[in-house]
Amino acid sequence: MQTAFTSTTLSATTIIESTTPECRDEDCQCASGICKYNSTLGRCQCQCQDFVFGDICSFGDNDTSAHIDTGAIPTRKTNFTLSIQMDFQLAFNDLNSTQSQEFINTLVLQLQALCKEADPQSFEKVQIIKLSNGSVVAASVAEYSYLNNETQIQFVNTELERVLTDILNKTSNLNKISQAFGNSSVKLNEITFLPPEINNITELQPYVNCTGFANYTAEISNGQWQCVGHCKTDPNYCNQHGQCLNEIHKGPICRCFESSLLQFYGPQCEFSRRGPGFYGALFGSLAGVLLLLIVIVIAVFAKRKYTGIWSYTFNRRLSVLEDDFFDFSDSAYYNLGMKDPYLSEAYRPHLGKVPVTTNDPEVWDINP
């Protein structure tokens, strides 16, 4: 039962692996990079190389590694000879002979380790160029490359000779070579360095290539050559109104900034136009001002209208008050400014119709 279960599991795994989609270049249309299936997204996707980004790997970083034609750059060479106390064979006169190749391979294996120890980064190779009589004198050449690094170049030119000489003269290192040849005595005869052919980082410029991306130029940054995109060499390419992108096949392009109030356009975002939000704000402001004016006008007219009615009513009431308050024509006395209610027209007696009698026998005539 356990065997059958294991077999079923393996078969299922095989089916899953065999049904994983294979992506073709036309499935992604990558400008650069490789089209691969992304199991998380469930679709084919561009996998970009270093210094490249974007959905289809179409944009390059501002700073990319420069391509250096190392094969064309001259190397720093040092010549040295070793004497190995062993019998010289006539076959050593021909470096292609079996005896010579056996001897050379053994010696090179030891020398490579020592010469590489002097500068692991720039070490290229070591060669045996001649075997001479006198015991066996092996003339050798070690080569060191000039890297794209100012510090490394100066080390090869000024420090390598001292370091390599100390390594080849070290007793423990000579003993390792001796053991490889049956404990034969080994001695460093001489070592000489040829004059440097590259003095500093600027002299590597003829070997720098930035044609991998469009409109990239070679510049020295932090002591080494780099390929720099046009968006960095010309920071105002988009007139500060857009995002500059290094299209790897076409050169710099601009993604212009847009907002509801202002929109920039043009190949380098050199033009601008008002956005819909600007006109919305403008017309909204005008509408607000117009509404305010209407409210003010209505308020002014309303104030004038009600002010006129109030003035008319007040004056009319004041006129009536003056007629009643200051009319003393029918009053026989002042009643503190008030008419005598008993002397009004309604209560005034008509003496002409009332008979007057007197008990006095005499009537005095007051008129003389």
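The figures that follow rest on heavy atoms only: side chains count, while hydrogens, waters and symmetry mates do not.
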Enquirer: I'd like to know if the side chain of Q179 pairs up with that of N183 as donor and acceptor (distance under 3.5 Å, no hydrogens or angles considered).
Expert: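 Distance-only check fails for Q179 and N183.
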
Enquirer: Could you tell me whether N236 atom CG has more than 12 heavy atoms of other residues or ligands within 6.0 Å of it?
Expert: yes

Enquirer: Using a 6.0 Å cut-off, check whether atom CG of D55 has over 12 heavy atoms from anything other than its own residue.
Expert: no

Enquirer: Does R76 make a cation-pi contact with Y146 (under 6.0 Å, within 45 degrees of the axis)?
Expert: no

Enquirer: What about the rings of F257 and F264, do their centers lie closer together than 6.0 Å?
Expert: no

Enquirer: Do I220 and I73 share a hydrophobic cluster, counting only Ile, Leu, Val, Met, Phe, Trp and Tyr and linking them when any side-chain heavy atoms are less than 4.5 Å apart?
Expert: yes

Enquirer: CG of L204 to CG of N148: how many Å apart, nearest 0.5 Å?
Expert: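 Between L204 CG and N148 CG, I get 6.5 Å after rounding to 0.5 Å.
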
Enquirer: Check D166, T165, T158, L160 against R162 for a side-chain contact (heavy atoms from CB on, under 4.5 Å) and give me the one that passes.
Expert: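 Of the listed options, the one satisfying the test is D166.
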
Enquirer: Go through C238 and C254 one step at a time and tell me if the disulfide bond (SG atoms under 2.5 Å apart) criterion holds.
Expert: CA-CA 6 Å; C238 296; C254 294; 2.0 Å; yes

Enquirer: Can I248 be reached from I34 by stepping across I, L, V, M, F, W or Y side chains whose heavy atoms are under 4.5 Å apart?
Expert: no

Enquirer: Roughly how far apart are I128 CD1 and L107 CG, rounded to 0.5 Å?
Expert: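 CG of L107 is found 4.0 Å from CD1 of I128.
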
Enquirer: So, for Y216 and H230, is the gap between ring centers shorter than 6.0 Å?
Expert: no

Enquirer: Decide if atom CG of L293 counts as having more than 12 heavy atoms of other residues, nucleotides or ligands within a radius under 6.0 Å.
Expert: yes

Enquirer: Around atom CD of Q29, are there more than 12 heavy atoms from other residues, nucleotides or ligands closer than 6.0 Å?
Expert: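 At most 12 heavy atoms, drawn from other residues, nucleotides or ligands, come within 6.0 Å of this atom.
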
Enquirer: Applying the side-chain contact (heavy atoms from CB on, under 4.5 Å) test to Y265, which of R273, H241, E258 qualifies?
Expert: R273

Enquirer: State whether the SG distance for the cysteine pair C227/C210 is less than 2.5 Å.
Expert: yes

Enquirer: Is a donor from one side chain sitting under 3.5 angstrom from an acceptor on the other, for Q121 and N149?
Expert: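 The answer is no; no qualifying pair exists.
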
Enquirer: So that I know where these two stand, are F92 and F103 an aromatic pair - ring centroids less than 6.0 Å apart?
Expert: yes

Enquirer: Does a donor on one side chain and an acceptor on the other come within less than 3.5 Å for T75 and E143?
Expert: yes

Enquirer: Under 3.5 Å, is there a donor-acceptor pair between the N209 and D69 side chains?
Expert: no

